[in-house]
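Data block below; observations after.
Because the structure is a prediction, the values reported are computed rather than measured. Order of the sequence lines sets the chain letters (A, B, ...), proteins ahead of strands, with each chain counted from 1.
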There are 2 protein chains.
Amino acid sequence: MTVNTRKRKIIDASLQLFIEKGFHHTSIQDIIAHANISKGTFYNYFTSKNECFLAILEQLRYTAQLQRYELLANQNEQDLDVLIEQIIVPMKLHEEQNLITLFEGIFQSSDLELKKGLRQHRFHEIQWLTERFTNVFGEEIRPYAFECAVIFFGITHYLAMSWRSAYHLPADLHRLVQKGLEYVQALLPTMQKTNDVLLNADVLQLLQNKATKPVITKANVIEQLEGFAKQLDIKTSATGKELTAFLMEELMRDELRKHVIKATLQSYHAAFKSTSHESEAVELSYKIAFLLKN
Amino acid sequence: MTVNTRKRKIIDASLQLFIEKGFHHTSIQDIIAHANISKGTFYNYFTSKNECFLAILEQLRYTAQLQRYELLANQNEQDLDVLIEQIIVPMKLHEEQNLITLFEGIFQSSDLELKKGLRQHRFHEIQWLTERFTNVFGEEIRPYAFECAVIFFGITHYLAMSWRSAYHLPADLHRLVQKGLEYVQALLPTMQKTNDVLLNADVLQLLQNKATKPVITKANVIEQLEGFAKQLDIKTSATGKELTAFLMEELMRDELRKHVIKATLQSYHAAFKSTSHESEAVELSYKIAFLLKN
DNA sequence: CGAATTTTGGACTATGAGTATAAAATAGGT
DNA sequence: ACCTATTTTATACTCATAGTCCAAAATTCG
């Protein structure tokens, strides 16, 4: 079993446990028992439970971003309905997994690394929406887009929380997001008129400088694909194997045939659905999609 | 030392420690050492650190509400500036005390009691603002007031968080709250036009039913005043003693002389400023103010 | 003063994080 | 297939802390 696979096994196991029992109630003992590994191995890959949690976060981000990418494929990027669906993606993921409470606020952590990780997670989300808002509402609202994105998350988060408190049920995500967008749209004229926001371009700039982007290079991805190919065994579908080999070849060309690759990505992701390789396939698809955009 | 005083001593000590070292980093050992009590005593009053934290929360609520009451005294209740100052009160308290992180989100607690306590804390705050919004913007916006209050907190919380992430400094509370109000005011026309909100009166009703209000009766308060009077020692100012006796007498009358009492309350609070009796004096002032309103 | 209650101090249990390490298993190159 | 590296396992150990228990001392209060 390669190094990468083992790490992934830990991540998958702890995610499942966090969902079932909650973060605090899951001990490292539980995790190693569930992942069938020894304590030493755990501490080989993570220095603490928190670090393990951050890895999960990253995994979720890959999944969410990939799904968003797939949603936008061949759609009009100004379509509000697509935006709504895209926004909902991680909400659904989190909700299904009872992870909301874990990072719906800085969770009172002594651990600075963890705090930083959560902040960054939130920032990625806000930044993405900032970009999408300028897509949808036009380049002219760019100076206000960041403020709008922040406000949007504030509104929806608080509305959802109150709804939950009252009904003990998650809110209807569609309706929630629609309302949130409605409110943000109602605010835009005011912002344009007064031309004054709290979080101007400087703030965004500052935050962007702080956020360390993960490095995704072609060489990197090819390497990971190679490792991935080796793990594939008798149980893997022919489709999965064929596509993996194909993608490796394609990526090694000097000029990426973007449309060819794009067309296969969705099938690629689908080929590993519900297999033990799903999470790595998702990560790879996301990374390849990222390469195509740049 | 009376029962009440000891409990208060624990609360004061742990609050100070939580501020200095954070909630998780403060052990019960620390608390009992700092409060000069034994472990047995601690567990006599609280069954856990969480319960102790909830008591602190209550204490903060008393302080905040009393200050809000004092701010409104003899002012026009429709004055927006007064509202701003009132909103800021607990923000300042929390910020000064680094407690923000403690309950800016449900903090991923296994402890259901604690979760409930935090939810209730938030709800009290929202409910108060709902009421104030209808004061300020007129009875006609009542159907939207609750949604507005929730949105207001969502917006300001998220804006503040982003500001903090960027500058590592707390935002200017005045500016922040002003912006928040500006946005909410901009939303009101839309709400009135579409006449559709996510959190309607039903939700508020539901939440109200769930929130258990603390029972504050005249008899109750008089009793506490009596206990308080007994604790006062040689170090207590003459003013403090005299006012305590006076308030006791006044409360025992059949008809409360509201204006007389109201006029003394502020001095009462002031008389114990920076003394070891301050926190109980605040609690008493708050409770008396509450009686006057009802 | 004397009974009732509270407080103390310390011992004790239990849990869980994290370290350490020698022996076993496994990968990868030749 | 063999040898060497590295990884993994199993287990024992330390340390910190929550929470329980209890008998003796201190205190409150009638």
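- We find that B:Arg8 and B:Glu283 are joined by a salt bridge, their nearest charged nitrogen and carboxylate oxygen being less than 4.0 Å apart.
- Per the geometry, CD1 belonging to B:Ile31 stands 12 Å off P belonging to D:dT17, to the nearest Å.
- Between A:Tyr43 and A:Ser48, the side chains place no donor N or O within less than 3.5 Å of an acceptor N or O (distance only, hydrogens not considered).
- Judged as a side-chain hydrogen bond (donor to acceptor under 3.5 Å, both in side chains), and not counting sequence neighbours, the contacts of B:Glu250 are B:Arg257.
- Atom CZ of B:Phe46 is separated from atom P of D:dA18 by 15 Å (rounded to the nearest Å).
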Worksheet, complete the sentence: Expected string for nucleotides 12-25 of chain C under the B/S/- scheme (protein heavy atoms, under 4.0 Å, primed atoms plus P, OP1, OP2 as sugar-phosphate) is -----SBB------
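- The phosphate of C:dG9 has neither OP1 nor OP2 within less than 4.0 Å of any side-chain N or O from B:Ser38.
- Between B:Arg6 and the phosphate of C:dT8, there is a side-chain N or O to OP1/OP2 separation shorter than 4.0 Å.
- If you take CG of B:Asn36 and P of C:dT7, they are 14 Å apart, rounded to a whole angstrom.
- Partners of B:Ser165 according to the side chain to side chain contact (heavy atoms under 4.5 Å, CB included) rule, which considers only residues two or more places apart in sequence or in another chain, are A:Arg119, A:Leu207.
- No side-chain donor from either of B:Tyr286 and B:Thr63 sits under 3.5 Å from a side-chain acceptor of the other.
- In this entry the distance linking CD1 of A:Ile32 with P of D:dT11 reads 12 Å, nearest Å.
- Around atom CD of A:Glu223, no more than 12 heavy atoms belonging to other residues, nucleotides or ligands sit under 6.0 Å away.
- Taking the salt bridge (charged side-chain N to carboxylate O under 4.0 Å, His left out) definition, one finds that A:Lys49 meets it with nothing, sequence neighbours left out.
- Here A:Asp30 lies out of heavy-atom contact (under 4.0 Å) with every strand.
- The residues A:Arg253 and A:Glu249 are annotated as not salt-bridged, no charged nitrogen and carboxylate oxygen being separated by less than 4.0 angstrom.
- In textbook terms, a nucleotide whose glycosidic angle is within 90° of 0 is syn, and D:dA5 is one such case.
- The salt bridge (charged side-chain N to carboxylate O under 4.0 Å, His left out) check on A:Lys21 picks up A:Asp30, with sequence neighbours excluded.
- Taking atom CG of residue B:Asn44 and atom C1' of nucleotide D:dT28, one finds them 15 Å apart after rounding to whole Å.
- When the C1' atoms of four end pairs are superposed on the next four at each end of the helix from C:dC1-D:dG30 to C:dA25-D:dT6, using five pairs per end, the two resulting axes differ in direction by 20°, to 10°.
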